[in-house]
Structure formats: structure tokens, C-alpha cells
Colleague: 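Before I ask anything, let me first share the structure, which is written out below as C-alpha cells.
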Number of protein chains: 2
Amino acid sequence: MAKASPVTRNDVAEYAGVSSAVVSYVVNDGPRRVAPETRERVLEAIRVLGYRPNATARALRMGTTQTFGLIVPDSGNPLYAELARAIEKEASARGYVVLQTNAGGDPTVERTKIAELVARRVSAIILATPTEEPELSETDVPVIALNRPVTGATSLIPEYREGARIGVEHLIGHGHERVGLVMGLDLTGWRPERELGWRDALEQAGLPEGPIARGTFTRQGGYEAGRRLLKADRPPAVFVSSDLQAVGVLRALHEARLDVPGDVAVLSFDGTAESEFSWPPLSVIRQPIERIAKDTVARLVDGQTGIEQVTYPTELILRRSCGCGEG
Amino acid sequence: MAKASPVTRNDVAEYAGVSSAVVSYVVNDGPRRVAPETRERVLEAIRVLGYRPNATARALRMGTTQTFGLIVPDSGNPLYAELARAIEKEASARGYVVLQTNAGGDPTVERTKIAELVARRVSAIILATPTEEPELSETDVPVIALNRPVTGATSLIPEYREGARIGVEHLIGHGHERVGLVMGLDLTGWRPERELGWRDALEQAGLPEGPIARGTFTRQGGYEAGRRLLKADRPPAVFVSSDLQAVGVLRALHEARLDVPGDVAVLSFDGTAESEFSWPPLSVIRQPIERIAKDTVARLVDGQTGIEQVTYPTELILRRSCGCGEG
DNA sequence: TTGAAAGCGATACCAA
DNA sequence: TTGGTATCGCTTTCAA
């Protein structure tokens, strides 16, 4: 049995009776031409010895690792899991690989992770964390930020505000004169975009601002916020800032034996797979995760690292929870 | 502003007026002692120049990348997302980083991914895919397989069969004389472990085998299987082989206006976070994901790569869907 | 305590 | 068309 790791290009060269340079030419299809016959001998040697080029050495020599570093708050969160999945898919198709790390919402950890990725010479860093301005100054690794603007980096951002506005507008269209809001804790000064969209729709319809309940960006956080919202002055409709929280809100509603959408209509932001199979299925404002993932990788691979800010329209998906759908 | 990438150890040496060896001694705290004063000069130089050791060069020289390669079928699947999260957490705590890839359930892709990881000289491969025996022979990279036995590798496996048996036994304990089964498609000859556990419990209680419906390991697959199960001879209880499918089954039940657990009791295998917030909350057999992740990383880091097979007991978590819980 | 230098494995230029 | 070789940045042995 051929052992892979220890077999070097020199072993191959020796076996094939050529110089190591020729092996390179064959493996990389260049930069020099190789006589067909020699080429065959080399390929044969590679096969027999089970040679695999050492990507580490290659990276050192070439100065590029063909690797993306991805930082998310929590890859256990379906939204980020789906994002990571989409990015890995695109990256893989282009010969890149992704180093995935979790910052856990802690700016200090985030800084550490960035440093780690830089030390490992990733080709680029994809930042999908919602924390404050990261330290990028000491680095010349390309950075693309998702979900929020970051100075000194390209940012690809869903239209949070407009998406939220459209969603709330839809709820209002169902005839609800009050629309509550379940919102994530405001840590960044950026996430309130969704809250602003909610306000926009209300104002535009001449409606008063419904009750607001805040909680962490988790199912549990949504559950607790939902309970608080019910205890107070229950609104006939609620806009929730994330699917995860919405799932928690649904639970609170079910426990209170309230009908959705009959007693309370619900619509949330994100559009993860989980939202489609909650009960009732959630109407959502869907983030174009795949498109963003695709563009992110394309920009990075093609070296379009000019600093700019690009926004992505969201999509309103109507299911049962808002009063639409087959129910 | 200091540019990080191009700053090498030689730049630091020059700036500090020492040899590059000394910089190494300082950075690595060894293998030679350095005079305190010299040390200070070097640290100062590092600070001023913004030097970051090139992990690529280090890996080449040391022969280890301090990187784990993780292969899962689909990191968008919450079960694998949670597993990946747990592994990343443990790995990170020990200075490792994880390269995460998706095989998408395709053995060919899986082979490609393994080759890619080997080429990149990962320190070890963690295989969490359910496909057939992978090609590991050409490699001397340590491999740990999760979820199934793999010849030539250490395997850490939850007690699928016994866990399923305990779960079904619990359903039977609720007085149900028939327990249906929603099972994943049998692709591997290994996953039916859960099906065997279901049979064990039935046999042990002297009950006939209830109806079986099979579908993909997805929410949609569970939904479709659930519908089929209802059309036929509806059982009063169902054991579902994964949370994801169970969520689909719940949807089918809701659409049929059946009460859970009143009309049909449900219990599933996995215990992902999603199961806790479905409606009603799912009773589950929980896989000890964190323990497995922790042991996996510990074994790899400590070099316990002896080939063995370790099993992990599961945990029965009772919630509302089986008839327990506060409802 | 510090420096010089030999590699780790691959790339690609310059000669031949 | 092919070979020799400098180089990428770092670790570590051996001398000084």
C-alpha cells in the first residue's frame, strides 16, 4: 500500500528518472511543455507512488492558500449554518476550502479569530458577525462583510429596512390596525434596521406603533419576548425580527391557546428552512443567502475587492402564519 | 499603518538587530533561552512591525497544520450544524482550526473531499458521513469516524439501536399497542440500527410491527412519509428516526387536524435544538453530540489514534409530543 | 546567549 | 524539452 503523505515530488522525479521541475510541469500543466512520453512516465510514477502534492508547500511558495476564513457568531444557528453551507458550496466549486470559526458574539474572540486566520494566511476573510467594527487595519487580507457595513471592507447587505417595511405592510394589508414587534437586542446600532422598516410601514399607514418586546436572537429569546407581548396589550399581528425568535413566539402563542393567524398573525425575517415547517408555516421576508454567498465567493476569487457597499432585495414569502396560504 | 502579511521574521530580526533564530526563540519560548533584554527588543520589534508568524511556513517545516478536516453530508442540516459547532468549539480551545466540507451524500464527492483534505495536510480527518466505506487506504492521516463503524479508523458511535429501543419502549409504556415507524431511506446497511431498536422494543412487548413509512432524512421526507402513514392504517404512536423528519411528520399531523399526542404520540431520534421548539415540543432520544465532539478532539490532539470502536449512551428527553410534559 | 545554516516541498526562472 | 537551483518563511541543530 502506498503511503501518501511522505511521498514528495522528488520521489516521483527519481522514480520517473526526470528532474523535479518536470514533475511540476506535468502536475500543473505548465509553465513549460513536456514531451508526451516523459509526461506519461511521470504520470505513471505519480500513480504508482500515490503522490499528492503538498498544498502546504505550495501555499508557502505561491503565497496563497486558496482558503477562505469564515467568521460567524454561531454556526449552530440555522441562519448561519445555511449561510456557511452556501459559501462552502460556492467555494468548493472554485477550488477553495473554508475555515469556519465561531466568534460567539464576543468582539474579543472575534479579534482573536481574525488574527488566527490572518496568521494562517487565508486568501480572504468573510465576516458575518454583527459585532462592532473589527480591527482590520493591521491586515491586508481582503475582507468581505456580510449583513452590515464595515469601513475598509466590501459589504454585501440584505435590504433589512425595506424588507421589514414590505413585510409589515403586508400584515397591515390583512386589515390589522396594530402590529407588534419582537426584536433582537440592539447591540450594534445596525440591526435596528428591521425595526426602522417596521416603523416606516406603520407611519406610512398612519398607524400607531404597536407594542415592542425585545429578546436575544434565539428561540428562547423569542419565546420570552412573545410571552411578554401577550401579557401586555396583545396585538392582532406581530412582526418578528428573525425566524428563530418567531419559532419561540409561536410556542408562546400555542401555550396560550391562541390561534395563528386567527388570534395573532405572525411574519418574520430570514426565511430559513425551519420556518417552512413550523406550525403554522411562517410567512417570511427571505434573505437571498445563496445569492450573497455566490457573489461573495465570486468577488473574492475574481479579486474584485474594491471597497463598496452592495444591497440585496429580499423576498416576501407568504405562508399560513400571516393569514395567507392554504389555511 | 503596518502591513501584516509581508512582514517576515527576518524583518523583525533585522529591526531588533538579532538573528532570525533568536526571533524564533522568543516567539516560541524556546528551544533556547534568550536574554531578557534581547527578548524585550524582539518583542518591541514585533509590536512595531506588526509581525505575525506565517502559519503556512511553520506547517511546512513542522509537518503539522494544526487543522482538522471535517466532512459532513450537509452542514445545513441542524444535526450536523450542531455537531460542527461543537467540534469547532473544542478544536478552537486546543489551538486547532477546522476545515469544514460537505459531501452531499455522494460517495464520489466524499472521496474527492478526502483527497483534498489529505493534500492540504490536515492533522486529522473527522468523518461524519453515512456513505459506504470510504477510501482511506492511500493515506496515513488519522481518521475518526462518527456515527458508524469504519474499518481502519476509530469510530465513536451513539447507541442507535438501544436508544431507539428505549424510546419505543417509552411510547409503549403510554399504553399504545401499535407504534409506527418513520425511517430514513436505507442506504448504508448501518442506519437501520434505529429500525432494529424499534423492532426490539416491539418484540419485547409482544406487539406486532406497526406500519412503516420511509423517506429522505429531511423535513420534507418526513412530511411525505407522515402523510403516507396516515392514509394507511393510522397508528396511535410513531417513532421517527430523526428530528428533521419528525418536524415534517408533525406538519402532516397538523394538516390532518390530528392532535399530538392525543391522536398520535410522536417521539424522535437526535435531540437537536429545533425539536425543543416544535409544536408540540418533541420528546426525543438525544445523541450526546457535545461529548462525542469533545472526545473526538481529545483523541486526535492527544494522539490516541488506536483503532477502536466506542459507543455512547443516548438520553431520553420527555416533552409534550409523547404524552408527557406539561400538557 | 546568539548566529549560521540546513532543510520542509513546491515553483519557476535561467541555462543547457 | 529538460535540469539545476534560488526562494517562500520558519524551526532547530550545531558552533561560536
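Not measured: the values here are computed from a predicted model. Letters go in sequence order (proteins before strands), and every chain restarts at 1.
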Colleague: I'd like a list of close polar pairs between nucleotides 3-7 of chain D and the protein, N/O only, cut-off under 3.5 Å.
Modeller:
unit_1	atom_1	unit_2	atom_2	d
D:dG3	OP2	A:S19	N	2.7
D:dG3	OP2	A:S19	OG	3.3
D:dG3	O6	A:Y25	OH	3.1
D:dT7	O2	A:R61	NH1	2.8

Colleague: Could you check how far CD1 of A:I46 sits from C1' of C:dA10, rounded to whole Å?
Modeller: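 For the pair A:I46 CD1 and C:dA10 C1', the rounded distance is 13 Å.
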
Colleague: Looking only at side-chain atoms of B:Y51, point me to the closest of D:dT13, D:dC10, C:dC8.
Modeller: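 Of the candidates, D:dC10 comes closest.
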
Colleague: C:dA4 P sits how many Å from B:N10 CG, rounded?
Modeller: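 Atom-to-atom, B:N10 to C:dA4, this comes out as 11 Å.
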
Colleague: Could you check whether any side-chain heavy atom of A:Y312 comes within less than 4.5 Å of a side-chain heavy atom of A:R291, counting everything from C-beta outward?
Modeller: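 A side-chain contact exists here, since the closest heavy-atom pair is under 4.5 Å.
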
Colleague: With a 4.5 Å cut-off on side-chain heavy atoms, are A:T296 and A:L300 touching?
Modeller: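 Result yes, sub-4.5 Å side-chain heavy-atom pair found.
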
Colleague: Quick check on side-chain contact (heavy atoms from CB on, under 4.5 Å): which of B:P158, B:P130, B:P73, B:S155 does B:N147 satisfy it with?
Modeller: B:P158

Colleague: What's the CZ-C1' distance between B:R33 and D:dT13, to the nearest Å?
Modeller: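 About 19 Å, once rounded to whole Å.
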
Colleague: As a test of reading the structure: which of D:dT12, D:dC10, C:dG9 is closest to the side chain of B:P31, going by heavy atoms?
Modeller: D:dT12

Colleague: What is the separation between atom CZ on A:R52 and atom P on C:dA10, rounded to the nearest whole Å?
Modeller: 13 Å

Colleague: Take the protein atom CZ of B:R41 and the nucleotide atom C1' of C:dT2, then report the distance between them rounded to whole Å.
Modeller: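 It works out to 11 Å between those atoms.
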
Colleague: Using whole Å, what does the distance between atom C1' of nucleotide D:dG9 and atom CG of B:D11 come to?
Modeller: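 The distance from CG of B:D11 to C1' of D:dG9 comes to 10 Å, rounded to the nearest Å.
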
Colleague: Nearest 0.5 angstrom please: A:T129 OG1 to A:Y80 OH, how far?
Modeller: 8.0 Å

Colleague: What nucleotide among C:dA10, C:dT2, D:dG9 has an atom nearest to a side-chain atom of A:A57?
Modeller: C:dA10

Colleague: Report yes or no: do B:R121 and B:T64 form a side-chain donor-acceptor pair below 3.5 Å?
Modeller: no

Colleague: Side chain of A:T38, heavy atoms from C-beta onward: which of D:dG9, C:dG9, D:dT1 has the nearest atom to it?
Modeller: D:dT1

Colleague: Is there a donor in the side chain of B:R120 and an acceptor in the side chain of A:T67, or the other way round, less than 3.5 Å apart?
Modeller: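 The answer is yes; a qualifying pair exists.
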
Colleague: What is the separation between atom CZ on B:R58 and atom P on D:dC10, rounded to the nearest whole Å?
Modeller: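 Whole-Å distance recorded here is 10 Å.
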
Colleague: Rounded to the nearest angstrom, tell me the gap between atom CE in B:M62 and atom C1' in D:dT12.
Modeller: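 Roughly 10 Å, once rounded to whole Å.
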
Colleague: Might you confirm whether atom CD of A:Q66 has over 12 heavy atoms from other residues, nucleotides or ligands at distances under 6.0 Å?
Modeller: yes

